[in-house]
Enquirer: 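After the structure tokens below, expect a handful of questions from me.
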Amino acid sequence: MYQCRSCEGRNPVFRSRRMTVLSNKRLAYVSCLLLLAITPGCRREEEAVVAAQVVTTKTGIEMVAIPAGFFEMGSGKEGLDESPVHRVWVSPFLMDRFEVVQEQFKKLQISDPSHFKNPKNPLEQINWTDAAMYCNERSLAEGLDPCYDERTWRCNFEANGYRLPTEAEWEYACRAGTTTKYFFGSDVRKLKDYAWFKDSSSGKTHPVGLKKPNPWGLHDMYGNVAEWCNDIYLKSYYSQSEQRDPKGPAKGRDRVLRGGAWNSSADACRSAYRASDPSIDDTCLASDAIGFRCVRNAPNKVSSEPNMTANNPHNSASKTGLVYDDIFLEHKTTPGHPERPERLIGILDNLKAKGLMDKLTLLKPAPASLEWIKTIHSQQYIDRVQESYRDGTAHLDSADTPISPKSYEAALTAAGGVLAAVDAVMEGKVDNAFCAVRPPGHHALENRAMGFCIFNNVAIAARYIQKKCGLSKVLIVDWDVHHGNGTQAAFYDDPTVLYFSVHQYPFYPGTGSEAEKGSGKGVNYNINVPLPARSGDDVYIKAFEERLRPAALDFAPDFVLISAGFDAHENDLLGGMAVTADGFARLTQIVKAIAQKCCGGRLVSVLEGGYQLKGLTDSVEAHIRVLMK
Ligand SMILES: [Zn+2]
């Protein structure tokens with residue numbers, strides 16, 4: 001609750017509002033784009049830079065384009081009204097970069113109710129209905145449709161004008177991909193860098209934007225003034241919340257407040273902290289610790305405002321990423337070995353020749369940090385990989401996995417490349433990505449290299465998605481002609497990773513029977529579809545439609561990974577199957593549709609096998625063309 005400090009002699013804010021608001025109708029272009037260097041949620045903080053799109057509205061207010069996505073809302077421990085933690089989908093929207101300030105109110109010629117007077121300070125002593133009314137005025141001033149019915153205060157979420165954020169939108173934007181107590185982590189000592197709160201405010205509000213922003217470039221999400229949300233407050237709401245764009249309970253007296261204020265404790269500034277206040281229409285009771293910021297739906301479907309996104313450089317290019325680095329060519333295998341650098345050279349040359357290269361967003365990988373490699377492999381094994389070549393060893397663990405001086409670096413970078421692709425998808429830089437990496441990964445076990453594989457790139461990425469990005473469930477689809485025994489082993493008892501493999505059987509590496517369904521809690525989260533040699537497109541498509549699709553939709557993944565081996569191609573040197581490039585395109589369509597249905601299209605595909613160059617390059621091309629559509 002927030003206490004009113006000073007309200008003597010205050011006038012109702014909106015007494016003569018309709019007469020004056022349209023006088024400020026200087027309609028500037030809604031096009032000014034700034035690229036801000038900010039820290040994204042899913043990346044090591046010190047390294048990460050992502051472009052956030054800032055849009056300046058017709059009335060000169062900066063808003064940040066917030067990408068759509070899932071997040072885990074609430075907190076399991078901190079307070080009863082914050083639990084249970086539940087997964088929520090939020091559609092894209094624009095959010096004010098700063099809290100609404102006093103000069104913005106004056107610009108619309110509305111009297112300023114604030115106690116701490118300063119044009120750049122946040123507006124305060126504003127009750128919920130007056131905040132909603134300001135949203136309507138701002139909409140009208142910009143020629144947009146007001147969202148609020150001023151008799152009932154119901155919000156029309158379909159309107160293109162301004163409104164208060166839903167509680168889910170507020171927390172999603174505040175967290176900006178983070179899952180920690182605060183968006184900067186859990187160290188409360190850092191809060192003073194980001195917030196004017198009890199220990200840093202000297203008992204008053206301050207001009208907005210002076211403290212550091214959150215990872216998506218939003219300022220003052222913690223402290224300064226608590227912010228009204230559109231939602232009605234209900235303590236038990238999280239146990240009944242909808243998953244998709246939840247809009248709060250239908251009835252109640254109080255409205256939600258978020259973010260804490262200048263007089264709040266550090267605890268009340270946490271991302272998940274919920275507060276409330278009566279929404280009664282009486283300015284005199286409004287607190288000088290309460291303000292707000294506006295949101296509106298992402299305008300890309302609004303035909304009257306094509307400029308809003310037209311200048312975004314990402315929109316004209318394809319939203320498919322390609323991970324590649326020359327270090328992958330430095331992993332040398334023995335003469336005549338089918339897993340050779342020419343595989344990647346062929347893939348890239350073909351993409352260039354077909355004019356696809358320029359349409360892909362190139363993603364530069366860095367070696368994965370050992371923190372992530374260790375989620376799948378033992379330290380002892382990692383040390384062994386690193387030392388093996390120096391020992392003069394020509395093979396790692398088995399004769400089929402040759403190594404060279406740069407193999408360790410290449411293997412780390414192959415895994416890091418997949419993590420870079422995950423980051424790019426999470427940040428909205430691309431919709432999906434293909435990783436042209438080697439050495440491949442799906443046979444690699446915790447303590448052992450095998451089948452040309454050193455580190456299990458896809459398995460490491462699955463753990464990264466869970467631990468770093470905070471997503472719960474990952475689907476791995478493996479269509480390499482060989483069974484991915486390493487990936488199966490990594491998640492065999494884990495119900496949070498659904499592993500689906502279709503492969504030739506019996507065949508190398510010998511695992512992959514239908515009876516291998518998982519163990520313990522992981523039973524039924526491991527699906528093997530063993531197929532006889534010479535199986536072609538029809539058999540594969542049938543397996544994907546009848547076995548993969550229903551299981552995947554039931555599982556409802558938050559992210560989809562593909563172990564994309566193309567050695568089931570009809571001309572492959574090692575495989576005995578009869579899949580064509582068109583067949584791989586069709587399989588890609590099915591998996592992409594699953595990702596679109598379940599998790600906003602989040603999909604990263606990772607090269608595994610594929611050894612006949614023409615079959616490989618044709619198949620990769622067909623695969624990427626579907627990803628780009
Ligand atoms: Zn294979």
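Whatever order the structure lists them in is the order used to number ligands and atoms, beginning at 1. Residue numbers count from 1 along this sequence. Predicted, not measured: the structure shown is a model, and the values here were computed from it.
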Enquirer: I'd like to know if Glu514 and Arg547 make a salt bridge, using a cut-off of under 4.0 Å between side-chain N and carboxylate O.
Expert: yes

Enquirer: Charged N to carboxylate O under 4.0 angstrom, Asp423 versus Lys468?
Expert: no

Enquirer: Have a look at Asp480 and say which of its N, O or S atoms is nearest the Zn ion (ligand 1).
Expert: OD1

Enquirer: Checking Asp554 now: which residues fulfil side-chain contact (heavy atoms from CB on, under 4.5 Å) with it, not counting sequence neighbours?
Expert: none

Enquirer: Asp567: which N/O/S atom is nearest the Zn ion (ligand 1)?
Expert: OD2

Enquirer: Which residues satisfy the salt bridge (charged side-chain N to carboxylate O under 4.0 Å, His left out) test with Glu339, sequence neighbours excluded?
Expert: Arg343, Arg438

Enquirer: What's the atom name of the N, O or S in His482 nearest to the Zn ion (ligand 1)?
Expert: ND1

